[in-house]
Number of protein chains: 2
Amino acid sequence: MSPTGLDGLSMRALGASLGVDPTAVYRYFRTKDELLEALADAVVGGGGPHPETGTPRQRLRGMFANLRHTLLANPALTPVVVRRQPEGEGTWQGTENVLAVLREAGLSEQDTARAYQALLNYTLGHALLEAPYALMSAEEAEGIRTRVRAGLAVLPLDRYPHVSAVAAHLYTDMDSQYLYGLDLMLAALPIDSD
Amino acid sequence: MSPTGLDGLSMRALGASLGVDPTAVYRYFRTKDELLEALADAVVGGGGPHPETGTPRQRLRGMFANLRHTLLANPALTPVVVRRQPEGEGTWQGTENVLAVLREAGLSEQDTARAYQALLNYTLGHALLEAPYALMSAEEAEGIRTRVRAGLAVLPLDRYPHVSAVAAHLYTDMDSQYLYGLDLMLAALPIDSD
DNA sequence: ACCTGAACACCGTTCAAGT
DNA sequence: ACCTGAACACCGTTCAAGT
């Protein structure tokens, strides 16, 4: 099995694919980590003011689904982007946008901060969790989920009745799993009803 | 900086600390991954039937807070445990317990599966996210959070008014961040009121 | 100014050889 | 049955030397 993700990016492999000595890269980046940070910055870079429409909940839903999409656009870089300390235009603009929606929906400063953090941590954590799957082919990922469901369905019925009963509904696609959890959080936010 | 977490566990380092040739370990484990799986199994092992008390929400809260605690008890192993395919007594018993509470609280099979998945993904993702912090000293982790908050508070007020306003409430301790998000999800579950 | 190539201090893993 | 030690194919990184 050839290495995937970040393991596949070695300074030697990079040099080879550039047709250059592996150590030549050190003229431009002091360490491999610095190179990865630069790549992570490029991934995040895009975010403009991005005005979403609809109810507060719909706008928040769009913003975080969008963040998840950005994080998973280059799954090999997902861990690097997620662990990056928050900094840069894009990050701050994104934070400001979310906080504005929460605040204008009637949440207190405390609740705004807590809700933002909860939604952010959920999205970052979920991206970390699914990055390895995003790195494989769709068939490969589906194969794994199918195998897990089959394993669950075959458990002794007398000891694990509920697991057997709902096994077919578990380990579905990651998109709907993410959105279901996101909607739970959004539904519980103390947003003014109008 | 000496390597931390899994990077610190090399076959050579392991051999040295056992006072034995590095390759001797290969008599007992075929690969390093197999060794790590065995360690992950040991981490998960404990879970008995574990009857919690209180309302459904309280019981679910306890169960997932408990799972997070188990996952972070050995932060270096958190990624290994989280990515492990579900298997073994402990895992299945834990799943059965959660599903039972959800089902008995009046959720449909579909909703039971989806709610379980959402709570599980949130907890696994959050553990992945905070494992690096659990690996450092409490002072070190607090130092990082303080620095991030300070960075946020110092942003230009006219462009990021909401960020500046709530900066002091962001990046607090991980325990309350986790519990706040967990409570949001639990609050939104369609549980029978009695 | 930029690239090369040898070298250092590491990895995981294999395998013939020792006891 | 268990351990050793050399070896293979890798890493990230440094640095003197070349152009």
Side-chain angles (χ1 to χ4, degrees), chain A residues 1-44 71 74-85 87-88 128-129 131-137 140 144, chain B residues 1-44 71 74-85 87-88 128-129 131-137 140 144:
Chain A
M1 200 157 33
S2 82
T4 61
L6 279 193
D7 301 339
L9 176 63
S10 73
M11 299 306 260
R12 283 172 166 83
L14 177 58
S17 95
L18 293 174
V20 106
D21 192 272
T23 64
V25 185
Y26 285 87
R27 289 285 140 187
Y28 306 92
F29 301 96
R30 283 194 326 213
T31 64
K32 189 183 182 180
D33 279 352
E34 216 167 77
L35 197 179
L36 294 177
E37 285 302 314
L39 291 176
D41 287 351
V43 167
V44 168
L71 293 173
N74 301 87
L77 284 177
T78 303
V80 183
V81 179
V82 167
R83 314 271 195 213
R84 222 181 54 117
Q85 298 292 88
E87 64 170 21
L128 238 30
L129 202 58
Y133 295 93
L135 215 43
M136 353 176 160
S137 71
E140 220 172 334
I144 290 180
Chain B
M1 199 156 37
S2 82
T4 60
L6 279 193
D7 300 339
L9 178 62
S10 75
M11 300 306 260
R12 284 174 165 84
L14 177 59
S17 94
L18 293 174
V20 106
D21 191 272
T23 64
V25 185
Y26 286 86
R27 290 285 140 186
Y28 305 92
F29 301 95
R30 284 194 324 215
T31 64
K32 188 183 182 182
D33 279 351
E34 215 167 78
L35 197 180
L36 293 177
E37 284 302 315
L39 292 176
D41 288 350
V43 168
V44 168
L71 293 172
N74 301 86
L77 284 175
T78 303
V80 183
V81 179
V82 166
R83 315 271 195 212
R84 222 182 53 118
Q85 300 291 88
E87 65 170 21
L128 238 30
L129 202 59
Y133 296 92
L135 215 45
M136 352 175 162
S137 70
E140 221 171 335
I144 289 178

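Throughout, a chain's letter reflects where its sequence line sits, starting with A, and its residues are numbered from 1.
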Distance check needed: C/dA7 C1' versus A/Tyr26 OH, whole Å only.
14 Å
Point-to-point distance, once rounded to the nearest 0.5 Å, from CD of A/Glu34 to OH of A/Tyr28
14.5 Å
When the distance from NZ of B/Lys32 to P of C/dC11 is rounded to whole Å, what number comes out?
9 Å
Could you give the CG-to-P distance, from A/Asp33 to D/dC11, as a whole number of Å?
16 Å
How far apart are the closest heavy atoms of B/Val80 and B/Glu37, and which atoms are they?
CG1-OE2, 4.1 Å
In terms of heavy-atom contacts, B/Ala131 and B/Thr78 come closest through CB-CB, 3.8 Å
Heavy-atom distance under 4.5 Å between the side chains of A/Leu9 and A/Leu36, does that happen here?
yes
Heavy atoms only: give me the nearest B/Arg84-B/Asp41 pair and the separation to one decimal.
NH1-OD1, 2.6 Å
Between A/Tyr133 and A/Ile144, what is the shortest heavy-atom contact and its length?
CE2-CG2, 4.1 Å
Please find the pair of heavy atoms, one from B/Met136 and one from B/Pro132, that lie closest to each other, and give the distance.
CG-O, 3.2 Å
Rounded to the nearest angstrom, tell me the gap between atom CZ in B/Arg27 and atom C1' in C/dA17.
12 Å
If only side-chain N and O atoms of A/Tyr28 are considered, is one of them under 4.0 Å from the OP1 or OP2 phosphate oxygen of C/dC3?
yes
Examine the base of D/dG5 for any acceptor or donor lying under 3.5 Å from a partner atom in the side chain of B/Thr23, and report the outcome as yes or no.
yes
Give the residues of residues 9-22 of chain B touching DNA chain C, defined as any heavy atom closer than 4.0 Å, sorted by residue number.
B/Leu9, B/Ser10, B/Met11, B/Arg12
Which nucleotides of DNA chain D pair, in dot-bracket form (Watson-Crick or G-U under 3.5 Å, | meaning another strand):
||.|||||...|||||.||
Go through the side-chain N and O atoms of A/Asp33 and A/Thr31 and say whether any donor and acceptor fall under 3.5 Å apart.
no
Point-to-point distance, once rounded to the nearest 0.5 Å, from CG of A/Leu39 to CG of A/Asn74:
9.0 Å
Using atom C1' in both nucleotides, what's the gap between C/dC8 and D/dC10 to the nearest angstrom?
15 Å
Distance check needed: D/dG12 C1' versus A/Glu34 CD, whole Å only.
14 Å
